[in-house]
Structure formats: structure tokens, C-alpha cells
Amino acid sequence: MFDLKGLIRPHLKDLVPYSSARDDYKGNDGVFLDANENPFGSITKENWNRYPDPYQYELKNKIGEIKRVSADRIFLGNGSDEPIDLLFRAFCEPGVDNVIINPPTYGMYKVSADINNVEVRETQLTNAFDLDVKSILDTVGERTKIVFICSPNNPTGNDVTLSRIEEVLKRFNGLVVVDEAYIDFTDRPSFIEKLNEYGNLIVLQTFSKAWGLAALRLGMAFCSQEILGVLNKIKAPYNLSGLTQRTVYNALENIETKDKMVDDILENRIQLKSDLECLGIVERVFPTNANFFLVKVRNASDVYRQLISKKIILRDRSKVVLCEDGIRITVGTKEENNALIQALKKL
Ligand SMILES: *Cc1c(COP(=O)(O)O)cnc(C)c1O
């Protein structure tokens with residue numbers, strides 16, 4: 001059975017987290033002489049002289065309404081990078097524990113593991129870029145703490161089979177991270193719906209892609225209250241700036257704008273696919289459920305470099321397993337996509 005207490009690093013079990021006087025007084029009005037802030041205001045037009053809400057309650061309530069999940073199951077971080085890093089720091093003993101990733105996949109899981117000196121075990125996706133559940137379960141050892149699953153997967157673009165994710169959730173007694181950075185571009189439901197069913201599930205989403213807020217750095221993790229308690233205990237007290245909290249809170253009024261942009265991207269995705277498929281150097285455009293394509297082209301690295309000299313920047317994935325001669329292309333505006341197609345025609 002899944003038991004979170006057996007997963008957490010021993011030295012964190014009795015950790016006393018940082019506390020501030022604002023933990024004892026939650027009101028907005030009062031004489032605040034507890035945090036050595038500047039009492040007059042800021043050097044900017046808007047005032048940022050007070051420390052921000054460490055738990056981002058207002059923002060979480062609003063995100064909770066949109067995502068139909070209770071605010072006490074939401075962790076907000078400085079990009080998805082932060083919850084990924086915190087999971088290693090909370091659950092993986094350096095030099096002892098390990099995690100499993102499914103290449104070809106998002107690079108940050110391994111980078112974060114390497115920074116934290118945590119062993120990474122790799123179980124390659126199948127040739128159809130789907131999860132190999134048997135291989136994952138065979139790779140699990142005594143000290144395996146986390147399995148990272150990315151769907152829609154970066155850099156391949158496809159959703160992995162949902163029943164396979166559920167099989168891992170059921171049969172692995174550690175944590176299962178389902179990274180849904182591209183959830184807005186796919187038709188399938190989010191695994192947020194499954195939080196009540198699986199205590200070991202952590203769903204990652206982000207404001208960096210569909211919402212167009214990459215520069216603000218805001219990532220979300222949805223998980224059990226028990227896991228949330230661990231993450232909250234070890235995070236930096238003021239991990240999200242007041243500017244980010246306020247800006248995103250206000251932006252959440254404009255969901256229709258996000259939906260419109262996603263619709264436009266999906267429309268451009270169809271056109272870009274057919275335009276790419278007409279080109280002689282393109283050998284294969286892989287199916288996608290995201291806002292990018294993995295495309296197999298002849299001499300991918302050359303194509304990549306020639307386009308850079310024309311100031312068109314793609315992502316060279318040709319040295320990545322199962323992605324030989326693969327280039328990852330983000331769906332841009334009509335103008336950007338046309339510029340790419342014209343440049344490819346002239347190669
Ligand atoms: C882009 C991306 C993210 C987003 O990371 P942020 O730190 O939130 O910007 C997360 N996961 C995957 C797979 C991505 O491709």
C-alpha cells in the first residue's frame with residue numbers, strides 16, 4: 001500500500017519550517033512592525049513594500065475554481081521547475097534513492113535529479129512513444145521514489161495511453177508525477193480528476209504555455225493534502241512574488257482570451273502540418289496533442305543550423321533517443337509558420 005510517511009526523507013520528518021509573525025495574524029489592516037519592511041512605500045508606482053502571501057490563498061482559490069479542485073490541493077511554484085526540484089529535495093536521499101523517467105522526454109527531470117545527486121533510471125518509451133509499463137515496473141527498486149510521466153510528451157507531442165498511466169499509479173507504491181504542461185492543447189481530460197482515487201498522484205501544469213505567461217514563472221502542482229504539507233514545509237517562505245500573484249489573479253478574468261489563443265494555435269497547427277508534409281526534406285510529421293510537432297527531416301542538424309543563420313530558431317532533437325533526425329517545431333502565428341515554410345523551401 002502507498003504510505004507517504006515511508007517515502008519522505010528522514011531528516012525532514014521533524015523539520016520545523018520558517019515561521020513569520022504573519023502566521024499569527026492574518027488580517028490586512030494593522031500596524032505592521034514585524035518584518036523590517038519600508039513603511040513609506042516603494043520606489044515603483046505600485047507599492048510592493050510588504051511581503052507577499054506565502055501560501056497565495058487568493059490566487060489558489062481562483063485557480064481552484066477554474067480547475068475544479070480544492071485550493072488545499074494546489075501548490076504554486078516559481079515555474080514547474082520549483083515543484084520538480086522540491087519533490088527531489090523532499091523524497092529523494094542523494095546517493096541512495098532513485099527516480100524513473102521515460103525518454104525521450106522533458107529534460108528538466110534529469111537536470112533536477114543531477115543537481116540533487118539522485119540516480120535517474122531510464123525506461124525508454126515504445127516505438128510509438130507510449131509508456132512501457134512492464135519495463136517501468138521491472139525497473140522499480142527498493143529505493144525508487146518517483147516515476148515521471150509527461151503527457152502530452154515533450155518532445156514527441158503525443159499523449160501516452162491514459163490506462164497505462166493508471167496502471168503505473170496502481171502498481172507502483174511511490175509517487176507518480178503526471179506532467180500536463182500541454183493539457184490545454186489536447187482533448188483528453190486532466191488527471192486532476194483522479195486525485196481522489198490515487199494518493200500517490202501529482203499533476204503538474206503551468207502558466208508558461210497556453211496562458212502565455214512564461215516570463216512570470218508560475219507552475220502548479222495538484223496533489224493530496226499530505227503531499228502538499230510536505231512541499232509547503234520545505235519551500236522558500238515567499239516563493240512567489242507579489243507581482244506574479246497579483247498579475248495572474250487579474251489575468252484569470254480573461255480566460256476567453258486564453259481559449260481564443262489556444263483555438264488559433266490549434267487552427268495553425270492543422271495548416272502547419274499540411275504545409276510541412278508538402279516539403280521534400282520532411283520525412284515525417286509525428287501526430288501531436290501539443291502546440292509543437294516533432295518532425296523528421298533529412299540532415300536535421302544541418303537544417304537546424306541553416307535556419308538559425310536565417311534567424312529562425314527550432315529545437316534540434318536529432319541526438320535524442322527515438323528522435324533521430326528529429327526537430328521540434330513550435331506552432332507559431334500564421335506569419336511565423338509561413339516564414340518557416342518559405343525558408344525550408346529554399347534550403
Ligand atoms: C515547458 C514545460 C514545462 C513548463 O515549465 P515552467 O517551469 O512551468 O515554465 C513543464 N513541463 C514540460 C514537459 C514542459 O515542456
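Here the structure is a predicted model, which means the values were calculated and not measured. Computed over heavy atoms, backbone and side chain alike; hydrogens, waters and symmetry mates excluded.
Side-chain contact between T144 and I100: present, with at least one pair of heavy atoms (C-beta onward) separated by less than 4.5 Å. Between C92 and E119 there is no side-chain heavy-atom pair separated by less than 4.5 Å. Contact of the L231 side chain with the L87 side chain is registered, since non-hydrogen atoms from C-beta on lie closer than 4.5 Å. Between E336 and V331, the closest side-chain pair of non-hydrogen atoms is not below 4.5 Å.
A donor-acceptor pair shorter than 3.5 Å cannot be found between the side chains of D132 and T123. Using a 3.5 Å distance cut-off with no hydrogens or angles, the side chains of D85 and N116 do pair a donor with an acceptor. Side-chain contact, N239 with Q56: a donor N or O sits under 3.5 Å from an acceptor N or O.
Checked by atom type and distance alone, the side chain of E180 pairs as donor or acceptor with a backbone atom of F191 at under 3.5 Å. Within the 3.5 Å criterion, the main-chain N or O of C323 finds no donor-acceptor partner in the side chain of R317. Looking only at distances, no side-chain donor or acceptor of T161 sits under 3.5 Å from a matching main-chain atom of S163. Judged purely by atom type and a 3.5 angstrom limit, T244 uses its side chain to pair as donor or acceptor with the backbone of L216. In this structure, S274 contributes its side chain and Q271 its backbone to a donor-acceptor pair below 3.5 Å. In this structure, R269 contributes its side chain and F293 its backbone to no donor-acceptor pair below 3.5 Å. Listed for the S42 side chain is a donor-acceptor partner under 3.5 Å among the backbone atoms of W48. Without hydrogens or angle criteria, N49 side chain to F40 main chain gives no donor-acceptor distance under 3.5 Å. Side-chain atoms of K110 never come within 3.5 Å of backbone atoms of T105 as a donor-acceptor pair (strictly under, hydrogens ignored). No donor-acceptor distance shorter than 3.5 angstrom exists from the side chain of Q306 to the backbone of Y304, with no hydrogens or angles considered.
Within 6.0 Å of NZ on K134 lie no more than 12 heavy atoms contributed by other residues, nucleotides or ligands. Residue K260 places its NZ atom among 12 or fewer non-hydrogen atoms of other residues, nucleotides or ligands, all under 6.0 Å distant. The number of heavy atoms from other shown groups lying within 6.0 Å of NZ (K5) does not exceed 12. I313 CD1: more than 12 foreign heavy atoms inside a 6.0 Å radius. With a 6.0 Å radius and a threshold of 12 heavy atoms from other residues, nucleotides or ligands, Y25 has its OH atom above the threshold.
In this structure, G174 and F2 approach most closely via the heavy-atom pair O-CE1, 3.8 Å. Contact between D316 and S301 at its shortest, heavy atoms only, is OD2-OG, 3.3 Å. In terms of heavy-atom proximity, R89 sits nearest to I234 at NH2-O, 3.9 Å. The minimum heavy-atom distance linking Y51 with E37 is given by the pair N-OE2, 2.9 Å.
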Stepwise side-chain contact (heavy atoms from CB on, under 4.5 Å) test for F75 and L86: CA-CA 11 Å; F75 176 87; L86 288 180; 3.4 Å; yes
Worked verdict on F286 versus F129 for ring pair (Phe, Tyr, Trp, His ring centres under 6.0 Å): CA-CA 10 Å; F286 288 93; F129 301 142; 5.2 Å; yes
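Across D179, L125, T288, N102, a single residue satisfies side-chain contact (heavy atoms from CB on, under 4.5 Å) together with N153, and that is L125. The side chain to side chain donor-acceptor pair (under 3.5 Å) test with E93 is passed by exactly one of K145, R9, R143: R9. In summary, of the residues considered (I149, I146, I202), a side-chain contact (heavy atoms from CB on, under 4.5 Å) with V176 occurs for I149 alone.
Evaluation of the ring-ring contact (aromatic ring centres under 6.0 Å, His included) rule for Y182 yields F292 as partners, not counting sequence neighbours.
A salt bridge is absent between E193 and R68; no separation between the charged side-chain nitrogens and carboxylate oxygens falls under 4.0 Å. Looking at K209 and D184, no side-chain N of the basic residue comes within less than 4.0 Å of a carboxylate O on the acidic one, giving no salt bridge. At a threshold of 4.0 Å, the pair E253-K62 counts as salt-bridged, since one of the basic side-chain nitrogens sits closer than that to a carboxylate oxygen.
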For residues 340-347, which side-chain N or O atoms pair as donor and acceptor with protein atoms under 3.5 Å away, sequence neighbours left out?
none

